[in-house]
Amino acid sequence: MKVALKIWRVTSATGDRALREYEVDAPEWVTLLDVLDIIKDRQDGTLAFRKSCRMMICGSCGMRMDGAAVLACKTRMYDIVQSGHVPVISAMGNLPILKDLVVDMAPFWEKFKAVNPYLRTGYEEPPPGREFRISQKRMNVINKEALCINCGACVSECNAMESDPDFLGPQALAKAMRFVGDPRDAGKVDRLEDLNGKNGIWQCTRCYFCNERCPKGVDPRDAIAKLGAESIKEGIDRDMGAKHAKWFVTSAKTTGWLRETELVPHTQGIVETIKQTRFALALARVGKVPPPFPPHVAKDVKEARLLYELVQQQGRAGYEGIVQGEPALAKLAHGYREGERDPYGEGSFPRPFIASEEAKTP
């Protein structure tokens, strides 16, 4: 079949940019990476791009197709060709371009290293001759985060990083959650303290583009939400973002809706509220501020309160409250039907050794 691409050719040394179109003959099974290989081999040996495993494992071939991050080795071309569309291929965003589709990953790895991506040992050692293992249930907390292949697709699409390059970014924060949630790690609170800094958790704009473009289902925005929830659980709530989130919960459980007129005093404090009084009055004059008294209470507010109380009774504060819904969402996403083997159920593997349960073993 005939496959056509438009590729942004970039030379960082000179700043030259040019959009060039290529057309090649290719088998129906080709991916975007296969097409780029054919172009480089048969038409233009100067085309620059990265690749390695060709199996969606290494993350090397991240780039943009029509402005959205993809893995070239995962992107099949057949349906695109059949539609008659000619896609535009460009380098990933939020990273300096070195040449054509190759970006400088140094800033990416600097943020990765900044979250200390290694275990701080603090777990109980198994008896001599025994291997230490963790139950699947305990590791489900970081099941998605452990899938990250460091491809940079989420960083490419991050709005917060585009506005502030110092923001740690979705990949680094997802990797941080991988260690915060690991039951073997002894540095959870210290990690959360570091992540609550100026360029950390609460700077995320919650656009969800990182979830949308992640090729491995890591869902970095969900990981950031887990970090925020766990920070509040541990009493690390000094940031304005944490106060904002806490007021959302308080407002929902008391009246069933967000009382925005009280958001500023509870989030930014009385002094800042006074400073914004003139702005608030201007909004009130044009009907943009509802009267604060009496507070409107939702008809079925008891349902919101019962939900809050149920989560409290279950002891699922922090990231556990988010993790508990992940298996159900995964089943829906993958077409799981009632009666089929539950891929998240127990019994697929031998029961692991757990140090705290050794005494119960007959």
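Fair warning: this is a prediction, and the values are worked out from it, not measured in the lab.
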(message) Checking side-chain polar atoms at under 3.5 Å, does His244 have a donor or acceptor matched by the opposite partner on Asp239?
(response) no
(message) Check Arg259 with Glu262, please: is the shortest side-chain N to carboxylate O separation under 4.0 Å?
(response) yes
(message) I'd like to know if the side chain of Ser52 and the backbone of Cys58 have a donor-acceptor N/O pair within less than 3.5 Å.
(response) no
(message) For the backbone of Phe167 and the side chain of Lys111, can you confirm whether one donor and one acceptor N or O come within less than 3.5 Å of each other?
(response) yes
(request) For the residue pair Met161 and Pro170, establish whether any side-chain heavy-atom pair is separated by less than 4.5 Å. (result) yes
(request) Anything under 30° is parallel, anything over 60° is perpendicular, the rest tilted; go ahead and classify Trp257 against His296. (result) perpendicular
(message) Assess, by modelled atom type and distance only, whether the side chains of Asn159 and Thr205 contain a donor and an acceptor separated by less than 3.5 Å.
(response) no
(request) For the pair Arg305 (side chain) and Lys253 (backbone), establish whether a donor and an acceptor sit closer than 3.5 Å, ignoring hydrogens and angles. (result) yes
(request) To the nearest 0.5 angstrom, please state how far the CD1 atom of Ile38 sits from the OH atom of Tyr22. (result) 14.5 Å
(request) State plainly whether the residues Arg138 and Asp182 are in salt-bridge range, i.e. N to O under 4.0 Å. (result) no
(message) For Thr11 and Arg17, which I'm curious about, is there any donor-acceptor pair between the side chains at under 3.5 Å?
(response) no
(request) Check whether any side-chain N or O of Arg213 sits under 3.5 Å from a backbone N or O of Ala69 as a donor-acceptor pair, and report yes or no. (result) yes
(request) Hey, could you give me the NE2/CG distance between His85 and Asp79, rounded to the nearest 0.5 Å? (result) 12.5 Å
(message) Taking the basic N atoms (NZ, or NE/NH1/NH2) and the acidic carboxylate oxygens, is any pair closer than 4.0 Å for Asp166 and Lys198?
(response) no
(request) Report the C-alpha separation of Met139 and Arg184 in whole Å, then their side-chain angles, then the decisive distance to 0.1 Å, and conclude whether the side-chain contact (heavy atoms from CB on, under 4.5 Å) test is met. (result) CA-CA 10 Å; Met139 291 304 290; Arg184 299 167 295 178; 4.1 Å; yes
(request) Ignoring hydrogens and angles, state whether a donor on the side chain of Gln324 or Glu320 is under 3.5 Å from an acceptor on the partner side chain. (result) no
(request) Under the side-chain contact (heavy atoms from CB on, under 4.5 Å) rule, what do Arg54 and Asp34 come out as? Steps first, then yes or no, please. (result) CA-CA 9 Å; Arg54 299 174 55 151; Asp34 294 322; 3.0 Å; yes
(message) Using every non-hydrogen atom in the two residues, find where Ala245 and Ile232 come nearest and quote the distance to one decimal.
(response) CB-CD1, 4.1 Å
(message) Same cluster or not: Val297 versus Trp247, using hydrophobic residues (I, L, V, M, F, W, Y) connected whenever any side-chain heavy atoms lie under 4.5 Å apart?
(response) no
(message) Quick one, Arg64 and Glu157 - any side-chain contact, counting heavy atoms below 4.5 Å?
(response) yes
(request) State, to 0.1 Å, how close Leu36 and Leu5 come at their nearest heavy-atom pair, and which atoms those are. (result) CD2-CD1, 4.1 Å
(message) Looking at Asn196 and Leu192, would you say the former's side chain and the latter's main chain have a donor-acceptor pair under 3.5 Å?
(response) yes
(request) Could you walk me through whether Asp37 and Val30 pass the side-chain contact (heavy atoms from CB on, under 4.5 Å) test, one step at a time? (result) CA-CA 10 Å; Asp37 274 336; Val30 293; over 6 Å; no
(request) Assess the side chains of Asp100 and Trp8: does a donor N or O sit below 3.5 Å from an acceptor N or O? (result) no
(message) Can you confirm whether Val10 sits close enough to Asp16 that some side-chain heavy atom of one is under 4.5 Å from a side-chain heavy atom of the other?
(response) no
(message) Measuring only between side-chain heavy atoms, which start at C-beta, is Ile7 closer than 4.5 Å to Val88?
(response) no
(request) Answer yes or no: is there a donor N or O on one side and an acceptor on the other, between the side chain of Lys74 and the main chain of Pro215, under 3.5 Å? (result) yes
(request) Locate the shortest heavy-atom distance separating Pro27 from Met1; write the atom from each residue and the value. (result) O-CE, 3.4 Å
(request) Tell me whether Ile80 is reachable from Leu32 by hopping between hydrophobic residues (I, L, V, M, F, W, Y) whose side-chain heavy atoms are closer than 4.5 Å. (result) yes
(message) Quick one: does any side-chain atom of Glu145 pair with a main-chain N or O of Phe179 as donor and acceptor, under 3.5 Å?
(response) no
(request) To the nearest 0.5 Å, tell me how far Leu47 CG sits from Phe49 CZ. (result) 5.5 Å
(request) Applying side-chain contact (heavy atoms from CB on, under 4.5 Å), run through Leu173 and Leu168 and close with a yes or a no. (result) CA-CA 7 Å; Leu173 290 173; Leu168 279 173; 4.0 Å; yes
(message) For Lys243, is there an ion pair with Asp237 - N to carboxylate O distance below 4.0 angstrom?
(response) no
(request) Mark yes or no for whether Thr255, through its side chain, and Ser251, through its backbone, hold a donor-acceptor pair below 3.5 Å. (result) yes
(message) Checking the side chain of Ser12 only, and the main-chain atoms of Leu98 only, is there a donor and an acceptor separated by less than 3.5 Å?
(response) yes
(message) Do Ile142 and Leu195 land in one hydrophobic cluster if side-chain heavy atoms of ILVMFWY residues count as linked below 4.5 Å?
(response) yes
(message) Quick check for you: to the nearest 0.5 Å, what is the distance between Ser156 atom OG and Phe108 atom CZ?
(response) 11.0 Å
(message) So which atom in Pro117 and which in Phe112 form the shortest heavy-atom distance, rounded to 0.1 Å?
(response) CD-O, 3.4 Å
(message) I need the minimum non-hydrogen distance between Met65 and Pro87, along with the two atoms involved.
(response) CG-CB, 3.8 Å
(message) I'd like to know if the side chain of Ser163 and the backbone of Ala160 have a donor-acceptor N/O pair within less than 3.5 Å.
(response) yes
(request) Taking the side chain as every heavy atom from C-beta outward, state whether Met105 and Met92 have any pair of such atoms under 4.5 Å apart. (result) yes
(request) Evaluate the side-chain proximity of Arg178 to Cys148: yes if any heavy-atom separation is below 4.5 Å, no if none is. (result) no
(message) Grouping I, L, V, M, F, W and Y whenever their side-chain heavy atoms are under 4.5 Å apart, do Ile89 and Val103 come out in a common cluster?
(response) no
(message) As a quick check of understanding, evaluate side chain to side chain donor-acceptor pair (under 3.5 Å) for Gln276 and Glu272, giving each step before the final call.
(response) CA-CA 6 Å; Gln276 297 189 28; Glu272 188 62 29; 3.1 Å; yes
(message) Check this for me: does any side-chain nitrogen of one of Lys188 and Glu230 sit under 4.0 Å from a carboxylate oxygen of the other?
(response) yes
(message) Using side-chain heavy atoms (C-beta onward) and a distance below 4.5 Å, is Gln268 in contact with Thr273?
(response) no
(message) When you group the ILVMFWY residues by side-chain heavy-atom contacts below 4.5 Å and let the links chain together, are Trp29 and Val3 in the same group?
(response) yes
(request) Please name the pair of heavy atoms, one in Leu101 and one in Ser90, separated by the smallest distance, quoted to 0.1 Å. (result) CD2-C, 3.5 Å
(message) Quick one about Asn143 and Glu326 (side-chain donor to acceptor, distance below 3.5 Å, no hydrogens or angles considered), yes or no?
(response) no
(message) What's the separation between atom CE in Met56 and atom SG in Cys73, rounded to the nearest 0.5 Å?
(response) 6.0 Å
(request) Determine, for Arg120 against Asp185, whether the closest basic-nitrogen to carboxylate-oxygen distance falls under 4.0 angstrom. (result) no
(message) Pairing donors with acceptors under 3.5 angstrom, does anything connect the side chains of Arg9 and Thr46?
(response) yes
(request) Supply the atom-to-atom distance Met77 CE to Leu33 CG, rounded to the nearest 0.5 angstrom. (result) 11.5 Å
(message) Does Arg238 have more than 12 heavy atoms from other residues, nucleotides or ligands lying within 6.0 Å of its CZ?
(response) yes
(message) A side-chain contact here means heavy atoms from C-beta on lying under 4.5 Å apart; do Asn116 and Arg191 qualify?
(response) yes
(request) Take atom CZ of Phe209 as the centre, draw a 6.0 Å sphere, and report whether it contains more than 12 heavy atoms from other residues, nucleotides or ligands. (result) no
